[in-house]
Colleague: 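Can you keep this structure in mind? I'll have questions shortly.
Every chain is numbered from 1, with letters handed out A, B, ... down the list of sequences. Remember, it's a predicted structure, so these values are computed and weren't measured experimentally.
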There are 2 protein chains.
Amino acid sequence: MKIDPTSSADLSAQIAQSIKAAIINGDLIVDQRLPSETELSDHFEVSRPTVREALKRLAAQSLIRTQRGATGGAFVNRLSFEDAYAQQVTTSTLLLSMNDVSFQTACEARYALERACAPLSALRRNADQLATMRAEIFRQGQPNLSDEAFCASDVAFHRALVDGAANPVLSYQLAGAVEAMQPLMNMITFSARDRARIVALHCEIADAIDQGDGPAASDGLQALEQETLSLAQKVFETRAAKS
Amino acid sequence: MKIDPTSSADLSAQIAQSIKAAIINGDLIVDQRLPSETELSDHFEVSRPTVREALKRLAAQSLIRTQRGATGGAFVNRLSFEDAYAQQVTTSTLLLSMNDVSFQTACEARYALERACAPLSALRRNADQLATMRAEIFRQGQPNLSDEAFCASDVAFHRALVDGAANPVLSYQLAGAVEAMQPLMNMITFSARDRARIVALHCEIADAIDQGDGPAASDGLQALEQETLSLAQKVFETRAAKS
DNA sequence: TCGTTTTTATTTGTCTGACATTTAAAAGTC
DNA sequence: GACTTTTAAATGTCAGACAAATAAAAACGA
């Protein structure tokens with residue numbers, strides 16, 4: 001682990017990069033303790049605040065965790081799926097909101113990925129996941145549900161569908177695509193008729209998953225994508241006409 | 001932007017969280033300048049090193065960038081697809097390597113997602129992307145190619161396929177799934193016959209994409225998944241027998 | 001001897017104050 | 001007016017100190 005003294009980059013960034021490389025490279029393994037801050041500052045020949053800035057950078061990426069006390073220190077952190085989900089969701093959300101990605105593009109990506117999960121979910125979903133899907137469909141039918149709550153329920157429905165594939169890697173990848181759409185979906189107001197159509201399609205999809213019919217589930221998702229797109233289109237046209 | 005003085009968490013983590021929330025929430029917009037470190041330390045009633053640790057945490061997530069000098073400071077950073085790709089790839093890679101995800105699971109996820117791109121790619125790929133695919137196929141046929149180089153070329157081929165869908169959100173999501181597999185693939189040694197079969201399937205896929213035949217491309221990917229899985233199976237069996 | 005309490009050493013968390021470096025604008029000079 | 005110099009403001013880095021947490025070691029009491 002060394003740094004380039006001629007580089008113009010921040011020392012803390014260089015040090016963080018160096019340690020990160022060691023972790024990715026396998027030189028530092030999970031739960032291994034890093035040298036203390038004082039030892040690191042001796043090693044890299046920098047001050048302790050600089051080392052600390054480097055460690056905070058790593059902590060922000062969930063690459064290390066720190067413990068105070070006699071046997072404390074910084075430890076290489078096992079990146080959990082949970083942590084990775086959370087990172088993935090915020091990154092995806094910011095990516096969409098900061099780069100004016102069109103609703104169409106985001107929607108297309110989301111449904112394309114979800115259709116990839118459908119056949120697996122039809123094979124493997126468990127009773128819990130199916131029950132969640134049914135419960136969310138029921139919730140979506142309640143007449144006094146706010147638009148935000150409707151969207152949140154929609155996300156929960158789709159997460160259950162994705163989790164049904166019983167593949168944590170898929171669930172992780174999809175988390176971003178599904179949840180990052182929520183802010184975009186929240187811009188839409190759903191009329192009672194819109195909701196009815198969506199609920200009907202959700203039923204169709206849940207039934208297909210229930211019966212192990214992957215292709216039917218895919219078709220349902222395809223129809224739902226069309227429905228969502230045309231809904232959004234209407235909203236944007238109305239909004240454009242107003243201004 | 002406030003912090004909870006009763007919380008036991010690190011001040012720098014709280015401050016980072018507070019600023020992050022402001023960014024996500026839209027209170028701080030892209031390219032907006034944050035208050036100077038001194039102003040922030042006054043505002044949060046902490047010392048400057050603590051504020052700096054918080055800012056480094058945000059910088060590590062590409063949420064802000066800093067500039068030195070008279071008009072410098074910390075600015076809200078537009079999260080670029082490029083930055084997000086890189087984060088996604090390292091996160092996915094670490095996730096796989098640290099959680100002993102089975103080859104099968106990772107492979108299934110990767111090909112399921114890739115099949116989701118195939119129909120779009122068949123419709124939209126441009127000449128460049130097709131040329132890249134052909135070029136990589138050619139490279140994969142060279143007899144004196146190392147296994148690592150073969151894997152790298154494989155990744156390049158599949159990236160071109162994914163990028164052909166002309167949907168940056170898809171490309172971003174897939175980056176992790178495809179690239180994170182590389183370390184796993186590197187554990188495999190490819191015999192000449194193995195390579196020939198893979199190249200043949202790559203040709204089949206490229207032809208399908210060329211002719212705009214999405215379903216055929218999907219079928220090719222399905223076959224490739226089977227091939228990859230059985231290859232890996234053989235390697236693992238051999239390795240198990242040895243020990 | 002065993003169990004409890006106290007002490008101690010180590011490590012991270014935070015603060016203060018200082019200086020270095022970079023940068024752009026302001027001031028000065030020709 | 002164009003160029004150079006100065007200045008001010010901001011981040012980057014350093015040194016040293018103390019606070020707080022924590023576990024191990026030592027001391028103590030029954």
Colleague: Between D:dG12, D:dA10, C:dT14, which nucleotide has the shortest distance from any of its atoms to the side chain of B:Asp10?
Modeller: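 Closest nucleotide to the B:Asp10 side chain: C:dT14.
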Colleague: What is the distance, rounded to the nearest whole Å, between atom CD of A:Glu45 and atom P of D:dT13?
Modeller: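 Result: 15 Å.
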Colleague: Look only at the side chain of B:Gln14 and the backbone of B:Ala9, and say whether a donor-acceptor pair between them is shorter than 3.5 Å.
Modeller: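 Such a contact is found between B:Gln14 side chain and B:Ala9 backbone.
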Colleague: Ignoring backbone atoms, test whether B:Thr71 places a side-chain nitrogen or oxygen under 4.0 Å from the OP1 or OP2 oxygen of C:dA25.
Modeller: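 No, because none of the side-chain N or O atoms of B:Thr71 sits under 4.0 Å from OP1 or OP2 of C:dA25.
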Colleague: Quick one, B:Gln182 and B:Glu148 - any side-chain contact, counting heavy atoms below 4.5 Å?
Modeller: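 No, their side chains stay 4.5 Å or more apart.
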Colleague: Counting heavy atoms from C-beta on, name the nucleotide in C:dA24, D:dT22, D:dA10 closest to the side chain of B:Ala70.
Modeller: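 Of the candidates, C:dA24 comes closest.
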Colleague: Specify the separation, in whole Å, of atom CZ of B:Arg65 and atom C1' of D:dT11.
Modeller: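 Atom-to-atom, B:Arg65 to D:dT11, this comes out as 15 Å.
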Colleague: Going by atom types alone, do B:Thr105 and A:Asn167 pair a side-chain donor with an acceptor below 3.5 Å?
Modeller: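 Result is no, nothing qualifies.
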Colleague: Rounding to a whole Å, what distance do you find between A:Gln67:CD and D:dA21:C1'?
Modeller: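 From A:Gln67 CD to D:dA21 C1': 11 Å.
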Colleague: Using 30° and 60° as the class limits, which term best fits the ring planes of B:Tyr111 and B:His158: parallel, tilted or perpendicular?
Modeller: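 B:Tyr111 and B:His158: perpendicular rings.
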Colleague: Considering all heavy atoms of both residues, which atom of A:Ala175 and which atom of A:Val89 are nearest to each other, and what is their separation?
Modeller: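 That would be O-CG2, 4.0 Å.
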Colleague: Do the side chains of B:Asn186 and B:Asp147 get nearer than 4.5 Å, heavy atoms only?
Modeller: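 Contact flag for B:Asp147/B:Asn186 side chains = no.
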Colleague: Side-chain contact test, heavy atoms from C-beta onward, threshold under 4.5 Å: evaluate it for B:Thr90 versus A:Gln61 and give yes or no.
Modeller: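 No. Closest side-chain heavy atoms not under 4.5 Å.
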Colleague: Could you spell out the base pairing of DNA chain D in dot-bracket, with Watson-Crick or G-U pairs whose two distances are under 3.5 Å, [ ] crossing and | to another strand?
Modeller: ||||||||||||||||||||||||||||||
Colleague: Which residue lies toward the 5' end of DNA chain D, A:Glu53 or B:Gly72, if each is placed at its nearest nucleotide?
Modeller: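 Final value for this comparison: B:Gly72.
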Colleague: Considering non-hydrogen atoms only, spot the tightest contact between A:Arg239 and A:Met187 and give its length.
Modeller: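 Smallest heavy-atom distance, with atoms named: NH2-O, 3.0 Å.
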Colleague: Counting only side-chain heavy atoms from C-beta out, which of C:dT14, C:dT11, D:dG12 sits nearest to A:Arg33?
Modeller: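 That would be C:dT11.
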Colleague: Show each protein N/O and nucleotides 16-21 of chain C N/O combination with a separation under 3.5 Å, one pair to a line.
Modeller:
unit_1 : atom_1 : unit_2  : atom_2 : d
C:dA18 : N6     : B:Arg48 : NH2    : 3.4
C:dT21 : O4'    : B:Arg68 : NH2    : 3.3
C:dT21 : O2     : B:Arg68 : NH2    : 3.0

Colleague: Has A:Lys56 got a side-chain N or O lying under 4.0 Å from the OP1 or OP2 atom of C:dT12?
Modeller: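 No, no such contact exists.
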Colleague: Hey, does A:Leu11 reach any base, or is it just sugar-phosphate, or nothing, if we go heavy atoms under 4.0 Å?
Modeller: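 The residue A:Leu11 makes sugar-phosphate contact but no base contact.
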Colleague: Can you measure A:Glu37 atom CD to C:dC15 atom C1' for me and round it to whole angstrom units?
Modeller: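 Answer to the nearest Å: 15 Å.
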Colleague: Compare side-chain N and O positions of A:Thr50 against OP1 and OP2 of D:dC14 and report whether any pair is under 4.0 Å apart.
Modeller: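 Yes.
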Colleague: Between P on D:dA9 and CG on B:Leu34, what's the gap in Å once rounded to a whole number?
Modeller: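 Computing the B:Leu34:CG to D:dA9:P distance gives 20 Å.
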Colleague: Within this structure, what is the CZ-to-C1' distance between B:Phe44 and C:dC15, rounded to whole angstrom?
Modeller: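 In whole Å, C:dC15 C1' lies 18 Å from B:Phe44 CZ.
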Colleague: Please find the pair of heavy atoms, one from B:Leu161 and one from B:Glu114, that lie closest to each other, and give the distance.
Modeller: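 Smallest interatomic distance, heavy atoms only, reads CD2-OE2, 3.3 Å.
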Colleague: A:Arg52 has an atom CZ; how far is it from atom P of C:dT11, in whole Å?
Modeller: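 For the pair A:Arg52 CZ and C:dT11 P, the rounded distance is 14 Å.
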Colleague: Between C:dT11 and A:Thr66, is there an OP1 or OP2 to side-chain N/O distance shorter than 4.0 Å?
Modeller: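 For C:dT11, OP1/OP2 do not have a side-chain N/O of A:Thr66 under 4.0 Å.
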Colleague: Minimum heavy-atom separation for A:Gln88 and A:Gln173, please, with both atom names.
Modeller: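 That closest heavy-atom pairing would be NE2-O, 3.4 Å.
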Colleague: What is the separation between atom CD1 on A:Ile15 and atom C1' on D:dT13, rounded to the nearest whole Å?
Modeller: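 Rounded to whole Å, this separation is 11 Å.
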